[in-house]
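Here is the structure we will look at.
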Amino acid sequence: MLTPIDALRLRQRATILHAVRSALHEGGFLEVQPPTLVNGPALEETLEPVRADGRYLHTSPEFALKRVLAAGLPRIYSIVPCFRDEEWGRHHAREFTMLELYFANAGYLDLIPVVEDLVGAAARAVGAAVPTFQRRTVAELFGGDIPGDDDTFFLHWVDRIEPRLTEPTFVLDYPARHAALAEVRGSVSERLEVYLGGLELGNGFSELRDPVELRARFLRSAAHRVALGKVPHPIDEGVIDASAHMPRAAGIAIGVDRLVMALTGEPDIARVQISR
Amino acid sequence: MYETSDFRNGLKIELDGDPYTIVYFQFVKPGKGTAFTRTKLKSILSGSVIERTFRSGETVGEADVEEQPMQFLYANGDIYTFMNTETFDQVELQAKLLGDDAKFLMENLEVSVLFYKGRAVNMTLPNFIETKVVWTEPAVKGNTSQGVLKLAKLECGAEIHVPIFVSEGELLKVDTREGGSYVSRLNK
């Protein structure tokens, strides 16, 4: 079913994108354009990529941007369409727009003021209240009792924790086994997620820079996918090589469609996009 | 059996031995996690609504329910009687099961009666009904604003808000969902 074009939402979306790009430009970030058609999707064992002619449409521009970071550009971002199969609904679209940014000599907590700046600029541009973010660790949200297995962790998260995350929030310090591509410190990963208007808006890391550990994570993820009867994602040698040459860096990916939804109060992602 | 990908509003499922209608569902997937479907389920037997989260791919049984078009005949106290116009079979439903929907019932209105394991347990109104205004404040002629509303009593027994240009005696098209709302005037 075709969703009608919502002219107001498209205007607000354009205003937000303009404000975000201006704020990034002010902050010294350089816009780069990663390829959309790639040899391997990001290292995300629960994401299903869209196949295209024997290759993949990227699920995020992470690997390409890390190669750029390793090549010596210290503050970069891209705003591009990304593709994730088997995701649909009012908060999910198979094709959506991602803002992804990286900057050198920083850790995950340094992402907080940058995101606050961007969201604040976008909010002011559309006349929305500038949000004040609270910070919560995963351990606090689980009341100190983090479930040991992934299935219980995510069911509890979706069923009981996420519905209560209605205030603007940075969620910090995920368990080490949910590190994805973040640095691990003891039992936690240096990883954060940002919530606005009850929506999971983005995910950021202190970026892992150990090529041996990164290869091990690729292999673990592949083994896990095989165990689930899914096709393993190929190992991306480009990002493993880049990880060895990258400066210490923080990076975050933010869903632009959801940012527009959160700032305009729009409950349906289809109305901030032009539907197929 | 239904999988979570079959979920849609109005689907009737069996859960813990009781029949429910799905009244809300949403695909949820944490960025780094597995997928779930969050639902609100209305009990077909009691009318109460519960929330339940399913893992993607989880299966649930189909509720053993059947719907039959029937006509509303009359209410006697708390008992509402409906008739199948082909077989002339009659069934009775308690007012407490019908809840707020009872106020839209008029003689001869075609509804859908729900049978669970062969027993009549509930009914669904048509989404739209036609009914007359029996009382409202005098109409403000010429004001065609849809934004200003006043109360109107309808022949079926319900009270809804209507635009101020509506007069007593006019026939209206009314949406029966979510408590009832004005759709349009019918010129007959």
Side-chain angles (χ1 to χ4, degrees), chain A residues 42-48 59-60 84-93 98 150-163 165 171 174-175 177-182 189 191-195 198-205 221 224 228-229 252-255 258 267-269, chain B residues 1-18 20-43 46 48-61 126-128 145-147 175 177-179 181 183-184:
Chain A
L43 178 62
E44 301 269 16
E45 62 188 52
T46 61
L47 293 188
E48 298 311 313
T59 53
S60 85
R84 295 178 180 181
D85 214 356
E86 299 174 22
E87 299 192 11
W88 68 93
R90 283 154 71 82
H91 296 168
H92 294 266
M98 187 93 97
D150 289 3
D151 192 54
T152 314
F153 178 92
F154 286 115
L155 182 61
H156 190 136
W157 182 265
V158 165
D159 205 33
R160 283 179 259 170
I161 294 178
E162 199 184 67
L165 281 177
V171 179
Y174 284 77
R177 68 177 191 286
H178 296 159
L181 295 185
S189 54
R191 182 184 145 204
L192 61 77
E193 291 207 355
V194 51
Y195 277 80
L199 290 167
E200 180 193 333
L201 212 58
N203 176 82
F205 303 143
S221 159
H224 195 205
L228 293 172
I252 188 163
I254 290 174
R258 287 192 185 173
D268 185 359
I269 194 168
Chain B
M1 296 290 262
Y2 294 117
E3 269 205 27
T4 50
S5 56
D6 301 321
F7 283 9
R8 59 183 189 277
N9 287 342
L11 191 73
K12 295 181 174 57
I13 64 170
E14 180 116 0
L15 195 68
D16 309 328
D18 284 320
Y20 291 89
T21 305
I22 296 177
V23 291
Y24 169 91
F25 72 100
Q26 178 153 44
F27 176 81
V28 206
K29 186 173 185 298
K32 308 285 175 203
T34 46
F36 296 87
T37 303
R38 228 180 245 150
T39 64
K40 287 184 184 164
L41 306 171
K42 187 172 181 182
S43 164
S46 73
S48 58
V49 175
I50 62 166
E51 293 186 7
R52 184 86 171 231
T53 301
F54 296 88
R55 295 173 177 87
S56 267
E58 208 174 320
T59 57
V60 292
N127 290 343
F128 301 101
S145 161
Q146 297 254 0
D175 189 331
R177 293 165 289 188
E178 291 168 25
S181 57
V183 179
S184 63

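Chain letters run A, B, ... following the sequence lines, proteins first and then strands; every chain starts at 1. Both backbone and side-chain heavy atoms feed into the values below; hydrogens, waters and symmetry mates do not.
- Between B:R38 and A:V158, the closest heavy-atom pair is NH2-O, 2.9 Å.
- Between A:W88 and B:F27, the ring-plane angle classifies as parallel under the 30° and 60° cut-offs.
- Between A:D151 and B:F36 the shortest heavy-atom distance is O-CZ, 4.5 Å.
- The heavy-atom pair separating A:E200 from B:K29 by the smallest distance is OE1-O, 4.1 Å.
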field: Chi angles and distances behind the side-chain contact (heavy atoms from CB on, under 4.5 Å) call for B:R55, A:L155
entry: CA-CA 8 Å; B:R55 295 173 177 87; A:L155 182 61; 3.4 Å; yes
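- Options A:R84, A:H92, A:E87, A:E45 differ in how many heavy-atom pairs under 4.5 Å they form with chain B, and the most are formed by A:H92.
- Between A:E44 and B:G31 the shortest heavy-atom distance is OE1-O, 4.3 Å.
- With rounding to the nearest 0.5 angstrom, the CZ atom of A:F153 is 10.5 Å from the OG1 atom of B:T34.
- For the atom pair B:Q26 CD and A:H91 NE2, the distance stands at 4.5 Å (nearest 0.5 Å).
- Judged purely by atom type and a 3.5 angstrom limit, A:T46 uses its side chain to pair as donor or acceptor with the backbone of B:G33.
- In this structure, the portions of A:D159 lying under 4.5 Å from any heavy atom of chain B include both its backbone and its side chain.
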